[in-house]
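See below for the structure under consideration.
Just so we're clear, the structure is a prediction, and the values are computed from it rather than from any experiment.
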Amino acid sequence: MAETHLQGVEISASQFLDIWRHYDTDGNGFIEGKELQNFILELQQARKKAGLDLSEKMKAFVDQYGQNSDGKIGIVELAQILPTEENFLLFFRQQLKSSEEFMQTWRRYDTDHSGFIETDELKSFLKDLLLKANKPCEEKKIEEYTHTMLRMFDTNNDGKLGLTELSMLLPAQENFLLKFQGVKMCGKEFHKVFELYDKDGSGYIDENELDDLLKDLCEKNKKDLDMNSLSTYKKSIMALSDGGKLYRTELALVLCADEN
């Protein structure tokens with residue numbers, strides 16, 4: 001079915017989602033390694049079968065990733081090369097330029113501080129992004145976008161989006177949250193760490209305390225975290241704070257494993 005979709009002159013949002021799910025075989029939010037090589041091969045075969053040339057974007061993509069066995073793309077990178085009818089994914093991505101801006105946006109729309117953006121909150125988020133870009137939309141269209149975003153990013157099907165799920169809107173190289181996936185800790189360990197770095201016992205972590213915590217994390221997790229990106233990590237995480245006060249629940253979104 002995915003190969004048939006790849007033959008299309010234009011691909012609908014639901015067909016795009018079928019293609020994504022077909023090639024992201026392990027469901028980790030990326031098409032990478034063997035998955036990516038299979039996709040490239042089948043894309044070339046499908047276009048040929050349909051009598052269609054590869055578009056310029058497709059050619060550039062094949063040149064970049066065709067021989068790269070370590071290649072990795074996110075859902076938005078895929079949207080850039082496929083002729084999707086309404087490329088709203090790219091539009092929303094263009095409105096979120098950096099991890100820091102993404103985190104500020106998250107804080108604004110997770111209105112109940114649950115650590116999730118639920119359907120109504122997601123709808124408000126999308127509506128405001130469209131207004132900001134002078135692209136007001138009918139309610140019906142916003143409902144459709146909301147539903148499609150949930151289907152795309154709600155990996156555990158709980159009807160709401162966690163911070164890491166929604167961060168898939170960011171380009172893979174800009175998404176610092178992915179780096180922290182490998183250093184997340186269980187609830188018990190996280191609480192111990194929070195208390196250790198909340199040196200003055202204020203109940204929140206300030207910028208200097210966060211700096212110490214991140215330096216130690218980078219030192220211990222050189223494979224996942226890059227000391228040279230420390231200021232980017234810090235700015236992005238502080239964007240979740242309440243006027244420079246980073247409370248336990250906000251820091252937990254980045255450092256605490258979901259199951260806790």
**Message:** Test side-chain contact (heavy atoms from CB on, under 4.5 Å) on Arg47 and Leu52; report intermediate values, then the result.
**Reply:** CA-CA 5 Å; Arg47 303 294 287 181; Leu52 297 166; 3.7 Å; yes
**Asked** Would a distance-only check, ignoring hydrogens and angles, find a side-chain to backbone donor-acceptor pair under 3.5 Å from Glu35 to Lys72?
**Response** no
**Asked** Do you know which two heavy atoms are closest between Lys199 and Leu196, and how far apart they sit?
**Response** CG-O, 3.8 Å
**Message:** Taking Asp110's backbone N and O only, do any of them form a donor-acceptor pair with Ser114's side chain (distance below 3.5 Å, no angle check)?
**Reply:** no
**Message:** Could you measure the distance from the OH atom of Tyr145 to the CG atom of Leu130? Nearest 0.5 Å is fine.
**Reply:** 6.5 Å
**Item:** Lys123 side, atom NZ; His147 side, atom NE2 - distance, nearest 0.5 Å
**Value:** 13.0 Å
**Request:** Give a yes or no on whether a salt bridge exists between Lys49 and Glu42, defined as a side-chain N under 4.0 angstrom from a carboxylate O.
**Result:** no
**Message:** Would you say that Thr146 contacts Ile142 through its side chain, given a criterion of any heavy-atom pair below 4.5 Å between the two side chains?
**Reply:** yes
**Prompt:** Does some side-chain heavy atom of Leu217 sit less than 4.5 Å from a side-chain heavy atom of Val193?
**Reply:** no
**Prompt:** Checking Gln64 side chain against Phe61 main chain: does a donor-acceptor pair fall under 3.5 Å?
**Reply:** no
**Message:** A side-chain contact here means heavy atoms from C-beta on lying under 4.5 Å apart; do Leu230 and Leu225 qualify?
**Reply:** no
**Request:** Keeping the roles fixed (side chain from Glu207, backbone from Met238), state whether a donor-acceptor pair exists under 3.5 Å.
**Result:** no
**Request:** To the nearest 0.5 angstrom, please state how far the CG atom of Leu255 sits from the CE atom of Met185.
**Result:** 5.0 Å
**Prompt:** Are the charged groups of Arg248 and Glu195 less than 4.0 angstrom apart, N to O?
**Reply:** yes
**Prompt:** Would you say the side-chain atoms of Ser229 pair up with the backbone N or O of Thr232, donor to acceptor, closer than 3.5 Å?
**Reply:** no
**Intermediate values then yes/no, side-chain contact (heavy atoms from CB on, under 4.5 Å), Thr164 and Lys184** = CA-CA 12 Å; Thr164 309; Lys184 283 192 167 191; 3.8 Å; yes
**Message:** Does Glu139, at its CD atom, have more than 12 non-hydrogen atoms belonging to other residues, nucleotides or ligands within less than 6.0 Å?
**Reply:** yes
**Item:** Shortest non-hydrogen contact from Met168 toward Asn175
**Value:** N-ND2, 4.1 Å
**Request:** Report yes or no: does Asp154 contribute a side-chain atom to a donor-acceptor pair with the main-chain N or O of Asp158 at less than 3.5 Å?
**Result:** yes
**Asked** Apart from Tyr247 itself, what residues make up its hydrophobic cluster when side-chain heavy atoms of I, L, V, M, F, W and Y under 4.5 Å apart count as a link, directly or indirectly?
**Response** Tyr204
**Message:** Looking at every heavy atom in both Gly244 and Ser241, which two are closest together, and how far apart are they?
**Reply:** N-OG, 3.2 Å
**Message:** Among Asp216, Asp212, Asp206, which residue satisfies the side chain to side chain donor-acceptor pair (under 3.5 Å) criterion with Tyr197?
**Reply:** Asp216
**Item:** Audit row: Tyr233, Asp226, side-chain contact (heavy atoms from CB on, under 4.5 Å) steps and yes/no
**Value:** CA-CA 9 Å; Tyr233 300 155; Asp226 176 12; 3.9 Å; yes
**Complete:** The reported gap from NZ in Lys160 to CD1 in Ile117 (rounded to nearest 0.5 angstrom) is 12.5 Å
**Request:** Give a yes or no on this: more than 12 heavy atoms of other residues, nucleotides or ligands lie within 6.0 Å of atom NZ of Lys235.
**Result:** no
**Asked** Between Leu43 and Leu82, is a side-chain contact (heavy atoms from CB on, under 4.5 Å) present by the stated rule, with each step listed?
**Response** CA-CA 10 Å; Leu43 172 67; Leu82 294 181; 4.2 Å; yes
**Asked** Under 4.5 Å between any side-chain heavy atoms of Arg108 and Thr105, yes or no?
**Response** yes
**Message:** For Phe176 versus Ser236, what's the shortest heavy-atom pair and its separation?
**Reply:** CE2-CB, 3.4 Å
**Gly74 backbone acceptor or donor facing Glu77 side chain under 3.5 Å** = yes
**Request:** Any salt bridge (charged side-chain N to carboxylate O under 4.0 Å, His left out) involving residues 53-68? Give me the pairs, sequence neighbours left out, ordered by first then second residue.
**Result:** Glu56-Lys59
**Message:** With heavy-atom distances below 4.5 Å as the criterion, would you say the side chains of Thr148 and Leu17 are in contact?
**Reply:** no
**Prompt:** When rounded to the nearest 0.5 angstrom, what distance separates CG in Leu41 from CG in Leu36?
**Reply:** 11.5 Å
**Fill in**
dist Ile40:CD1 -> Ile81:CD1 (nearest 0.5 Å) comes out at 8.0 Å
**Asked** Taking all non-hydrogen atoms of both residues, which atom of Gln37 and which atom of Gly66 are closest, and how far apart?
**Response** OE1-O, 2.8 Å
**Message:** Do Glu121 and Phe116 make a side-chain contact, defined as non-hydrogen atoms from C-beta onward lying under 4.5 Å apart?
**Reply:** no
**Message:** Contact between Glu250 and Met103 at the side-chain level, heavy atoms closer than 4.5 Å - yes or no?
**Reply:** no
**Prompt:** Looking only at heavy atoms, what is the nearest atom pair of Phe194 and Leu251, with distance?
**Reply:** CD1-CD2, 3.9 Å
**Message:** Just by distance, no angles: are the side chains of Ser202 and Asp198 close enough, under 3.5 Å, to form a donor-acceptor pair?
**Reply:** yes
**Request:** Any ring pair (Phe, Tyr, Trp, His ring centres under 6.0 Å) involving residues 118-139? Give me the pairs, sequence neighbours left out, ordered by first then second residue.
**Result:** Tyr109-Phe125
**Item:** Lys/Arg-Asp/Glu bridge criterion (N-O < 4.0 Å) met for Glu144, Lys141
**Value:** yes
**Prompt:** Is the closest side-chain heavy-atom distance between Glu209 and Leu246 below 4.5 Å?
**Reply:** no
